[in-house]
Structures are given as C-alpha cells and as structure tokens.
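Every chain is numbered from 1 and lettered A, B, ... according to where its sequence line falls, protein lines coming before strand lines.
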Amino acid sequence: GGGDTATQTSQSAAPASSAPAAKGDGTLTLGTLLPQTGSLAFLGPPEFAGVDLALKEINEAGGVLGKPVVKHDTDSGDTTTNIASQSVDKLLAQKADAVIGAASSSVSESVIDKITGAGVVHFSPANTSDKFTTIADKGLYFRTAPPDQLQGRVLGDLVVSDGNDTVAIFAMQDSYGTGLADQVEKTITEGGGQVVDRVDYDPKAVDFSADVARIKSTNPKGIILIGFEETLKVVQELVKQGLPADKHKWYMVDGNMSNTNYKELPKGTLKGVKGTYPGAAAPEEFRQALMEVDPELEDFTYAPESYDAANLIALAAEAAKSDAGVDIAGKLMDVSKGGEKCTNFKECVDLLKAGTDIDYDGISGPIEFNDAGDPATATIGIYQYGDDNTYPVKALEYRTGNIAG
Amino acid sequence: MDWITIFSTTIKSAVGVETVLYALAAIGINIHFGYTGLLNFGQAAFMAVAGYGLAVTVTVMGLPFWVGIVIGLVAAAILALLMGIPTLHLRADYLAIVTIAVAEIIRLVFRSVAFKDIFGGSDGQRGFSGGFQALNPFPEGDYGFNLGPIPIFFPHWQLWVMVVGWLLIALCCFIVFLLMKSPWGRVLKAIREDEDAVRSLGKNVFSYKMQSLVLGGVIGCLGGFVYGLAYGSVQPDVFGTETTFFLYTMVILGGAARVFGPVIGAMLFWVLLVLLNGTLSEAVAAGVITFIDTSQAGALRYVFVGLGLILLLVFRPQGIFGDKREIAIDAR
Amino acid sequence: MHAETTGATAAIDRRAAAEAVFKDMARDPGVPKPDPILVVDDVVRRFGGLTAVDVKHVEVQRGSITALIGPNGAGKTTFFNQLTGFDTADSGTWTFNGKPMNGVPAHKVARRGMVRTFQLTKALSRLTVLENMRLGAQHQKGENFWRALIPGAWRRQEAEITERAEELLARFKLDAKRGDFAGSLSGGQRKLLEMARALMVQPELVMLDEPMAGVNPALTQSLLGHVKDLREQGMTVLFVEHDMDMVRDISDWVIVMAQGTVIAEGPPSTIMSDERVIDAYLGAHHDAPLSESELEAQLQDAEAALEAEIEEETQK
Amino acid sequence: MNGARIAVSTEGGQPVETVTSNAQGAWDVQVEDPGRYRVTLDPASLPQNTEIRGGNNVRTPTVYEGNCSSVLFALQAKGAAGQQQGDEAGGSSSFWTQAAQLTFEGLNLGLIIALAALGLSLIYGTTGLTNFAHGELVTLGAILAYAFNVGFGLHLIPAAVCAVILAGILGYGQDRFFWGQLRRRGTGTVAMMIISIGVALFLRYMYLILFSPQTESYAQYTAQPGIEIGPISAAPKNLVAMGIELLVLVIVGIALLRTRTGKAARAVADNPALAASSGINVDGVIRIIWTVGAAIAALAGIMLGLSQNLKYTMGQDILLLIFAGVTLGGLGTAFGALVGSLVVGLFIQVSTLWVPPELKSVGALAVLIIVLLVRPQGILGRRERIG
Amino acid sequence: MSSAEEPVQSKQAVTDRSAHLEGAKDAVLRCDELIAGYLPGVNILNGSDLYVKEGELIGIIGPNGAGKSTLLKAMFGLVTIRSGTVLLKGENITNMKAHSLVSRGVGYVPQTNNVFPSLTIEENLEMGAFQVPGKFKERFEFVAELFPALKERRKQRAGSLSGGERQMVAMARALMTEPSVLLLDEPSAGLSPKLQDLVFIQAQQINKAGVTVIMVEQNARRCLQICHRGYVLDQGRNAYTGTGKQLADDPKVIQLYLGTLAKA
Ligand SMILES: Nc1ncnc2c1ncn2[C@@H]1O[C@H](COP(=O)(O)OP(=O)(O)OP(=O)(O)O)[C@@H](O)[C@H]1O
Ligand SMILES: Nc1ncnc2c1ncn2[C@@H]1O[C@H](COP(=O)(O)OP(=O)(O)OP(=O)(O)O)[C@@H](O)[C@H]1O
Ligand SMILES: [Mg+2]
Ligand SMILES: [Mg+2]
C-alpha cells in the first residue's frame, strides 16, 4: 500500500526495514516490465504504446527536472518462466527509478520484493489482484489498474436493470477474471437477479465448448463474458451452441471490449452487446494518438492505464523535485488528487511549476490514490455494440464513484 | 548500447537465484533421468508441493517457517511415493506422460478457484519468507565487488538466499558424487540400461527406482523452496511443464549423468538467456536492430535462445561434460 | 595352470559321481531324482491359442549339469521365464530347495540362488564391462542407500568383488575389454559377459540360455572346463544349448522338450539316439558331427534337388 | 408490472420511502446516504396470478455514493408449483442434452487431437524423435492457411489446401536439411529431443513476431451459427471438419497397415539398419513420413483454427493432449493414436458434467493415468517379450 | 592353455597381400586394406583384405570381437569405412548406402537384431522382398518350404518369436530377394541341429545356384567344411587364409580358433 504507514507487515522476503534511500541522479529513468512473450503477450503492444506515448508527450514538454526521461523496456514474460526477475535485475542495474509493470498480478507478486527492496517505485497498469492492497511494499507499490470493484458494481447493476433475472457468468480464471466476476455476482444477487451459473474457465484451454455447454443447460437470460481476447473463441462457441447475442443478452468488460478483435465476425454478431469500460471519455482520440506511436496496434487494453502510470510518475518526480523512487512514491498521492484538475502532462507540469497543487485526471479515470496506492475513484462508461461489431465513441452512460464505495 | 549492464546482469545471472533454483531441480532430474533413466517430466510438481507446502503452512496455518520446510520436504517425499507406486512399472516413455499428467493435475488444482482459500488461486501465496530472512546473518546493504568497470552487487536478502542455495547445491553435488560412485549408483545406472538384467541379478528394481524418485524429488523440492524464499511468493504457473522442459534442457546441456552437469547447464542456460535478452533489448533500444519493435524484442530473444540450444546440441550432443562414447552407443 | 590340473582330476571324480547317480535312472520324462534342487509340476503357459509350455513334472538333480534341449520354439526360454519370475505362468507350481517359488518376483528368485541368463543378451550398454560384472555380486554393503554415502563402508568389499570379477573376465577373455562400455561388445562377447555376470552372483543353480551360441569354439572349449569346475564347487547348472558337442561333453543329464512338453530324459550318450529326439530335434545330424562322406552325400542330394528344380523350370 | 407496492428501508430497519411501480413496472427511490438498504415488495400488491420467483420478496442492495443501484423482482405466473416439477424433469433431460452435446464436442476435439497425434506418432514411430516442436507444426498449418486466407484473400478452402501442401513441403525440407543431417551425424535421441525444444521455442516466437500476439480468425466460417441436430447443436463446419478428419485418419491408418511404404515405415521404426539391409531407402521413407506427418499436423492446425480460432500458442497449448493421446493409445500405432485421442477428447469434455470446467484437463489426465495403470502398454499397444 | 592373443600379424600377412592382389583380379567383391571402426580414434578393422570370386563360398572365422561382423557391416555400408575400398563387380561401393547395395544384388543377414519385432513374420518377409514386390508370393512359398514353422505362424509378430525362430525369419528374409552376393553373419546361431544342417546345406545350395556367399560362422568347423576358401580374422586383420580344408587341418588354427571339442 501507498502510504508508508498503512500495511507494513513483517511477512515479506524483503527486509522489513525501510528501503534504502536511493539518491536520485537527476535523470528520471523509467523501466517497463511488460509482456513481450507468454500468455499475456497480446497485452504488450498496447501497454508499451501507452508508455511510449506518455513519454513522447513528456519529453516534448521538456522532460522531467529539465532532462528528458529515459526509458528501458524489458519483458515480463509470464509466470511459466522466470524472465521477469531477470528483467528486473536489468532494470535495477540500469538505475531505473520506477518500474511500470507487470501486466500479470502473479508476475508482479514475484518481483515486487526485488523492486521495492531496491527503493524503486513499482507501478502496475494492470494488476487487479486484491492482494496488492495489503501487500508489504514499503509504500512503493501503485497501480492504475482498472477498478474492478466499481466496474463490477456498474456492470452488475446494468445487468439487473436490463431485467435479466437469470444470469450466467463466464469468467477467465485469474485474479482479474475471478475478482471482477465475484463483484458482479454479488451485485446481481443483491439486486434480485439470479446467477444461475458461473463458469471460471482456463484461458489456456484448447477449447471452450464444454464450458459453454454448461451455460447452455441453464438457459440464462443474460450472459456476462469476463476475459481477454480469448473471448473471441467464446463468442464463436456461443453462436455455435445456439446462444447468440440476439437471443441472450451478452455483456462484456474492459478486458474484452474491442473494436478490432471481432472484425472478422459476421455482421451483427455482437449487435446490442453492452459492456463497461473504465475512463471518462471515449478513448477514440487517445487511440488515434496511440496508433501514431505504434501503427500496428490492434488492441488497446490497458493502454490508458499505462499512459497514466507514466504521466503520474513523471509528475510526481517533478513535484518531488527528485527522481529517487522513494521521493516519487511520496508525491504520487499528491499529484493524483486534491488540487487543480489537469489531464495531460504539459498542462499539469505547467501548473506544478507555477506552484499549484494539481489533480491529474487520466484517460483511464480520475485516479485518486488511496493510502494503499490503489486508485480511489473511477469513471465507468457503458457502451453498446452496433451492427458492425464495433462500439461507438459515445458511451450510453458514464458512472463515477468511489471504488471502495 | 549499455554493455556494462549487459555484462553485469549476465555475470550475476550465472550465480543468481534462478540459476540456483533451477540447478537444484535439475540435479534431481539428473538423478532420475541421467542416472536411473526415469523420464520424470513432473519435476515441477516436486518444486510446487515444496513451495506450496511451505507457503500454506506459514500463511494459511500460521506455523513457523521451519515447520513449513519440514512439511514441504515430507510432501515431496509423499508425492514421490504416490507417483512412484503405480507408475514405476511403466515403460520409460509411458512414465513420462504419466508424470506430466500428475504435475499438470497438481498445478491445475493449485490454481483452481475451488481451492482458492488454501492455495490462493492463480496468484498463489506470498508472505512466508520472513522466518528465513530473520536468520539472515548479513546486515542490510549491497554486497559485491567491481569487476573492472562492471559492478556485481547483490542486496543482502538476495545474497542470503544465494549463499544458502549454493551451499545446498554443493551438498547435493557431493551426495550425488558419493552415491553415483558407490554400488548403489551402479544399480541405478544399470536400471537405466536394462531393468530385466538387473532383476535377474537379484536387485529389487522397484525399490531402487523409488529411492531414486524420492531422492531426486526431494532435491528438486529444494529448488521449490529456493523459489519461494527468493521471490517471497509462489504462483502455480511457475510450476508448469515448461519449467520441467527447461530443466531437462539444462541437464542435457551440462551433460546427463555427470555430477556437475546440471549446475553448469543451469548456469549456461541463464547466461545464454540473459545475455541474449540484454543484447537484444539494448540493440532494439539503441536502434541497432530496426526490423522489430520493442514489444517484439522478448520474442526475438526466445528465437535466439531456441537457436542457441539447437546449435549447442548440434555441435556438442553429449553436453558440456558428457561422454561422446555414450552418445555413440545411444544413437539409432 | 596348476589349479586347473587338480581341478581337472577332481572334475573327473565329480563326473563319475554324477554318472553313478544317473546310471540306473529310468529314462521317462519326469523321472524322480534322488536329490532334486528344482522340482516342477504342471507348469502351463499359453499365448493366445499357442501352448508354449506344458510341463507335467521335471526334477533337476543337485550338483549336476543338466542340459535342456529341444527344437526352436519348443518353449525352453519361456519355461525359464516362468521359473525365474520374468513371466507369470497360467498354472503350475515349482519348488527350489524345497521352497515354493510361484509368484516370487524375479529379483527374489535370483537372491534365493537361482540365476538365469538371457538368450537375447542384455548387456548394460553404458556401463563398463567391469561394472557389469560387479553388479552381479550379491550382498553388497554399498547397495544400501545410507551405507553408499560412506565409502569406507563398502570399499573393502568392492575390492574383493573386483578381484573376483577380474578373474572371471580373464577366464572369459574379456579382460582386455574391461574398461569398455558393454554396449560396444560384439555379439559373442555379449554372450560371454552375460554368462560371466551371472556367475558373479555365485548362485546355487545357474540357468544358462544358449550360453555358447556365437562363441568361438576354442573359447567354448575352455569355458566348458570352467563350468565343470563350477560343478565341483557344488553349483547346479541347467542350460539350454543347440550345440550337441557341448551337450555331449559336459552334461550329466539331458531333458528334451518339444512343443512345450518334456518328451524324453536321459544321459547324453543315450538320449541322442532316442528315436523321438532324433525325429523332433536332431534330424539327420545325430550323434556325431557330419563326416566327410555324409557331407558329400548331402551335397549330392542337394545338387540333385537343385538340378531337378532347374529342369522343372526349363521344362516350363 | 403496474401497481406493485415497494417499501425501501435502511439496513437498520428505518423506513425510507414506499413507492408504487409504474406501468412499465419500474420505480425509483432517492436515498440520502450510501449503504445497505432493504427493499421489500409487498406480495399482496401483485396481481392475483403472479408471484415472485423464488418466493423471496426482500432484496438488500448496497447503494454507493453517487450511483444508483437496481433491484429486480422477477415475476412468474402462479401455478409454478406444477411447473417446478416440469423444471426438474427438464433438469434430468437437460443433463442428457448436455451429455450429448459434450460427447459431440469430445469427438470434435478428439478428432483434431487424433490428427495431430497421428503426425506425432508417425514421426516418433519412424525416427524415435520425441518432437516437442510438433505443436508448432500444428500452429504452422493454421497460420499458413491464415496467410493464404486473410493475407492473399483466398477462400478458406483453397487456402487450406495450399497450406497443407506447403506444410508438407516444409516438413520434407525440415527432414532433408535438418533432422536428417542430425541423424547422419549420429545425434542421440535425447539430444534430438532437447533440440526439438529449441526448435519449438524458435518457431513459436517466430510466429509471435511474424503473426500476431492476438487471437485471430479466418475470413470465412467464423462464428457460424449452429444447427440443431437432436439434442446437440453443431455448426455445419464442425460436421464437415469431423468428416474430413475421420477420413484422413482412416486413410493414413490403413495406408500404414497395408501399403508397402506404410509397412516400410513401420520397419524403419523397428530397426533402421535392418530396414536398409532389406533394401528400404531409410532416409526416403523418413522423408515421406515427415512430409505426411507435417501435412496432417497442419491439417489439424487448420481444423483447430476453424473451430477455435488461431493463436501463436495454439499448438503448444494442445501439445500435452497430443502426447496424452499418442501414449494412451499405445506408442507408435496409428490407430492407437486415434483411439487414445478420442478418449482424451471425450474425457476432457464429458468430465465437465461433474468437475468445474477450469479443471477439465484434470479429468482427462486422471483417466490417462488410470488407463495406463491397467494397461501399461497403452490401449492398443502390445507387451514386449522378455528373454 | 595358451592365449589366443598371440601376435598374429606375422609375415604371413604381408605375403598374403600379394596373394590377395593376385587372387582378387577378377573378384566379384573385393575389399582392400579396410580400416573402419565405431568410435572416433578406435579402429576395429586394421587393414583387412578380402575377395570373393563369382560363385565362391567364403567362410570367415575368428575369435569373438575379431571384427568379423564389422567387416560385413563395413562392406554393406553400415559402418563407415575410414580408408580402403570396396569394389563390387568393379564398381566402387565404398560407404555406399545399404539400400542401394540391395538394388545391386547384395543381401545381408545381420548377427543381432535381425528381425523387425513389431511386424508379423509375413511382413518381415515382405520387407525382404521390398525392392521386388512382384516376386513376394513365389519366394514366400520357397522359404515357407524351408522353414515350415514360419508359414504356420505367418501372422505372429516377430517380436514374440523364440531366438531360433527369429533366426529363421532373418535367414528367410534375406532369401526373399534373389541376391547375387549374400553376406551371412552367423546364420546358424541359435538354431536346432536339424536346422543348422539345413542352413549349411541351403547356403551351399544357393551357392551352387550361382550366388556368391560370404559367411561368418562360429560353427567354424562346419563352415570350413563347406566353404571354398576361408579367412581367419583376428584383431581386425587377416591372420590366415586358405582353402577350407587347409584351414581346418592347420594345427595352429585348430588350437587357436577351432578347438578340439567337435572333433570327437
Ligand atoms: N510373448 C509371446 N507371444 C506369443 N508367442 C510367444 C511369446 N513368447 C513366446 N512365444 C512362442 O512360444 C513358443 C516358445 O518360445 P520359446 O522362446 O520358449 O522357444 P525356445 O524353446 O526357447 O526356442 P529357441 O531354441 O528358438 O530359443 C515359440 O513358438 C514362440 O513363438
Ligand atoms: N557399436 C559398437 N561400438 C563400439 N565398438 C563396437 C561396436 N560394435 C562392435 N564393437 C567392437 O568392435 C570389435 C569387433 O566387433 P565385431 O562385432 O565385428 O566382432 P565379431 O568378430 O563379429 O565377434 P563375434 O564373433 O563375437 O560376433 C569388438 O571389440 C567390439 O567391442
Ligand atoms: Mg530360446
Ligand atoms: Mg559378430
């Protein structure tokens, strides 16, 4: 958790005492620890692009502490190999002040001690496991991860208010999927809906037909699909087994809301499908900017979070007038809330230089860090797919709220 | 390109915790496969039960650290017995698939939602290494030296894991050395060649295979402990079949049925991986390599790792320490 | 050479003794022996429709050299497999030293003193020849896991074993190969190693499955001397062999199998003239090796047949 | 539902407001503070012939600051008591429907595995190579077809044909220029196995670079709606694919048993030196096997891509199942691979009737272990003779 | 008992060389100064010479591990020849692949591993006739007559056969093609006396029909009885050569290689 005070327990492998107070060297050095390989490799390109875009804007705006920000990219792989640990070694050897990553909660867990033990900020754009709220991190761990609790509530509420009295949840079996599913399930049940079936599927499974067959046997009114890009396979299977979107209401989440993934599907397959996506504005403009950084980008999952992570770190360094990890961590909470609102680095840094207290509101949401280093508020947009299997720029509705409630 | 970082990370990786934990597990594999001819493709399971045994004991049951170690060791031994009793009668290649199956079942159970309360689901467990670090004799700080311009430093907590790890490796190698020079080791090697012949000479083949399985499993489980202690956490997917494949690769790279084979193999493997990783990502960042972008650098590294493995084994099929004569007999 | 000559005289005594035992024995299959080490009853083994072994009753005399002969596929090897626990018989009982041996696993059979060799040799390829030999020794202290860790506990015994192994290797003309991998031996050398290794066990009963097939005749001859020595030391030998010269030379008693059953028993001198045996097994090649004239006759037969064939073909 | 009376109170029981639903059955209550509330529907206010499903007329939603929170009372016609029984009957029939569907899916998956397994079994059988890169050959087929299909705009069927042919050629080349050379150098099977791990890494990550980290689908036949055949719903493409798979499997299986080349392949598997002594061109036979093996692996990949879409790890993900199928059937027998794979496929799917789907592989793997304990030589394998 | 490892590379070997050159002029198959081995740096054959003329039956005997099998394998392209040449009807076939030798009319029966265990007997024989599938039926009848046991069991897998039965299959397999040169490595080993006779007679018969036969045998006396010429191989070199009778009567050969057992 963010504040040094909150959740220090003496469990971790890293020494329980405070981190060595690394001195800054004047140059803000960012390290990325994002998936280039492994089961989450598809998340790599958008995340890298998000950081790259932020960096481009930061350096165009004059950098941090008067110097351009330096960045080193490394691979987080997945937990099946111990790549991440080696990557962290490299980043630490290159004197990174903050590490942006990893995508997978499991990977982050395996390296958090190493990173925070070196007094470096560990900032994940995608970790959703609730463990990080209470983890012993010397106050150096932060995340702009999608706010599952809020999203789950919004989605659950949406499902109930659409009149789905019987619902099946189809969730990817990892901390993202199960965490979100838990919240959705809770909200729906409280709201009077009945979760007739919940299938946690292994995203690496060869085939999802059995999983879908199980849902079919309960014949739910609404089907909630929580997962990543493998949802494409699930969609195909749902259609095959006679559970298309025009007979059952489908719902999606930020992990699988995509305008590119489903383009090969026959027209109308996703028509009317609703989904929730964190962020105050439709991401279209931002996506255009991303495409300039990486023209081959197909998916945008976690790009906003990555972008915001980089911006926040840069702002915190600027605010702290130091590039040392501990100093950055100390200011991250400040720049994320309570002050004059600003939405991009240039705007914010100008305010900072003018001595104003700022409140950075990012693409992924308003991001107000709580003591645990988790975002405290968020905005969730509700979108609906059209006939062409894409969803429009404009959301049906936005809901903002405290994540913790 | 930042050569200093590349060399420093590479040199560090040769002795780092990854090398330690893989070397330990590979020593186990070497006993199974190299000496006894048991194609155990479930070594990751031994690491997993050890890591989880420790983690669950400490975090879920709240017992002290050393109890966790004992439970982990016992769990590994029991796993060996459970795995061995029904399967050691199988032919080598059938044994391979059964052990993979056992290991996968264990991994899937560890990561399942159904047992999330105990094993922590796909994110695993953490927060059980405090007891170990409490024993750390090194005061806080970084330890190491500069090799010319190349800094080689480890933080105290990592150094502690490494020291214990390397001592374990030394101990295991010594045990393996003693055993394999002894008549006991001779029986194992004979079983590798032809079980029936050994049976006809009055040796209880099953018992020896079991002893080998337990010994290798227990040594492999030390690797699991080192993982848990070095990372402060365990995750189910670490203990997948991929890990076992890499262990085999290390054993063969170093030379099967050689005492130091797995250790050298593990060092070689990680040095290769880290060197390629550093060089490639620096080359991409420095614009030396332009045909791929950042997010593909990791993939390119594996491409070269694959290539490196191929080349190493093409030109030295017996591994670093292996005996060419053995290979000549082995070839079809 | 000295030891050998005394051994030779002793051998004659033993042989005489054995001959005395067998002298007045009936020649029926399954005849009881005065001091049987191995008694077999009603052992049956079927493979699908084929009854490979169906032995009603057989006894093997202690301290004798007994040959088991019979045509190819008679079931000799299968019979060995049943007795030594390498295959499970469909039915039957057998005792070794009076103890029932059904269902006893192979390694225990060997430990009780009944060791067999394999017809299709099983060299431990990536062990050296010497290691192959050492493996045969029984009651090795160092084969226990814990004691293996203390070299002092087994060094002395190992040295003794090595000495014994070296002696045997020299006997079997394998001493030059001692450090080579067994997998690099020639076919005949493997046979030799197989037998030498079995002798390392120092069994009470050694069962040799065609030990001399493919072994050079000069060497065979010297090894037979060794086998006779073994008899002197009280070992019982049961061996399968197709080399009638060898059978005649060393065996005290011969058991003949055909199509899974024992069809005849008797001393070598008489059994080879047994009608049934000639029919089933020896064919024209009975009793003595072919003489020149017989060979000629055979050749002529063959030629005649060939010519007839050629004629046939030209007529077509 | 119009006119239903709904009372809202705080968790502690303080009443907040009571409202009546409008013509759409909707209603709305403003509350002051966030927290947990009790919402009670008065059943007496409902029309005579309806009741609340499940009977419970109380909901306890949590309202968060600044957000609305929805509550739902699902209504159903009265007399649902009788319907309840109907439901239960439907429950057991739905069990059988599901079982039927899963059996179908099991066959569907099993046949794909079988196809891949046959390729592996052929190559393992003839060369003794445990090819861990076989999964990548499966992926290769799928990706080649994708390249022809999406890249060059060919219709999927000709694209698939081209891909299979090209994969066959590449298989030939692989042996001609790589594995064959290694054999000639006398590389041992263990070293070859590790080399194959290297090849697998090499290929897989080449795909990642050249193809895409995403899941992709072919241009045709994606998300084809299923048709109902009795209790099962199947997409027509599945039926056609299964037909093709079965056909190929049987043809190759029979070819192995009956044709000269097939027998030669088995002879090479048994003893390459003796095969050469019999006049068999061992390298030639192995090359044919590689060609065929790679081609059918590619076909398996295309079929897998057709039913499950494509990903660069698709072959790797299925590799364990392939090995399981091959082993279960008995190593080195073509029909064994078929039978074993079908068993694996069926158990993966059907076991989800009893175990959670996340653990479906556990079921299949457990069956594998049990079968091998009973028949250590595999289902169709034969025991070796001793001595 | 004296050792068989007396130096055998006597002067005789040198003189033999000229005799060899003389004899080998119109040989069907000839090997000159073959050096071959399995492991790098270890030569098993140390320059052995051999020739066989059209229609000859040649016997090779020698102690175990002398290199007899290696010599046959080297001629047949199964062991790499390091130096020296093998000529078949004037054509250089050194290190040529085995299957192309089969198509040139050479047949070979290995000493060990000489059947395909997972193939049935019939399929084993079919493999024998791999290059002449048309002739399978006819040749099958022929070998079935020689070894009736095989015909009965034609559907049995060779892996389950007894040692002797395997040997029959191996022999029969080589007889499936009608080779013009036949290399036999211990064809009689493991066979019952009756069948041993048959093998020797058959070898002779085949030879009479014009096939050139090279036979390695440990049943040495029998082998020397029927062969035209014999070679005694020791430590990878020719120790003695001569006609079968010459060798069989040479006391030195008897003492070192033949033994006296079979003379009885
Ligand atoms: N596993 C098996 N399956 C089927 N038949 C078998 C099996 N094992 C042996 N047989 C058959 O049983 C018969 C006896 O075989 P066995 O090996 O005992 O013969 P043998 O007397 O040792 O012959 P040889 O002298 O040739 O070694 C043979 O016909 C053989 O084909
Ligand atoms: N695969 C191999 N690898 C290494 N060395 C071998 C191999 N095969 C045979 N040798 C060695 O080559 C030598 C000659 O072997 P070869 O098989 O030619 O003997 P041989 O004369 O046929 O003997 P035998 O009569 O016993 O069959 C032997 O010393 C043997 O150890
Ligand atoms: Mg036999
Ligand atoms: Mg030989």
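In this structure, Phe145(C) and Leu179(B) approach most closely via the heavy-atom pair CE1-CD1, 3.6 Å.
Leu149(C) contributes atom CG, which lies 6.5 Å from atom CD1 of Ile175(B) (distance to the nearest 0.5 angstrom). Rounded to the nearest 0.5 Å, atoms CG (Asn132(C)) and CD (Glu193(B)) are 8.5 Å apart. Remark: Glu158(C) CD to Lys181(B) NZ distance equals 10.0 Å, nearest 0.5 Å. For the atom pair CZ of Phe118(C) and CG of Asp194(B), the computed distance is 7.0 Å after rounding to the nearest 0.5 Å. Leu201(B) CG to Arg197(C) CZ: the interatomic distance, rounded to the nearest 0.5 Å, is 5.5 Å.
Your options are Leu188(B), Val187(B), Ile191(B), Val198(B), and the one with the most heavy-atom pairs under 4.5 Å with chain C is Val187(B). The most heavy-atom pairs under 4.5 Å with chain B, out of Arg155(C), Met114(C), Arg134(C), come from Arg134(C). Residue with the most contacts toward chain B among Ala198(C), Ala110(C), Gly142(C): Gly142(C) (heavy-atom pairs, distance under 4.5 Å).
In the displayed structure, Phe260(B) atom CZ is contacted under 6.0 Å by at most 12 heavy atoms of other residues, nucleotides or ligands. In the displayed structure, Phe174(B) atom CZ is contacted under 6.0 Å by at most 12 heavy atoms of other residues, nucleotides or ligands.
Within the 4.5 Å cutoff, the side chain of Trp184(B) has no heavy atoms near those of the Asn144(C) side chain. With contacts defined as side-chain heavy-atom distances shorter than 4.5 Å, the pair Leu178(B)/Pro151(C) qualifies. A heavy-atom distance below 4.5 Å is found between the side chains of Lys203(B) and Gln140(C). The shortest side-chain heavy-atom distance between Leu124(C) and Lys189(B) does not fall under the 4.5 Å cut-off.
Within the 3.5 Å criterion, the main-chain N or O of Gly202(B) finds a donor-acceptor partner in the side chain of Arg111(C). Looking only at distances, no side-chain donor or acceptor of Glu131(C) sits under 3.5 Å from a matching main-chain atom of Ala190(B).
Among residues 204-222 of chain B, the residues having any heavy atom closer than 4.5 Å to a heavy atom of chain C are, in sequence order, Asn204(B), Tyr208(B), Gln211(B), Leu215(B).
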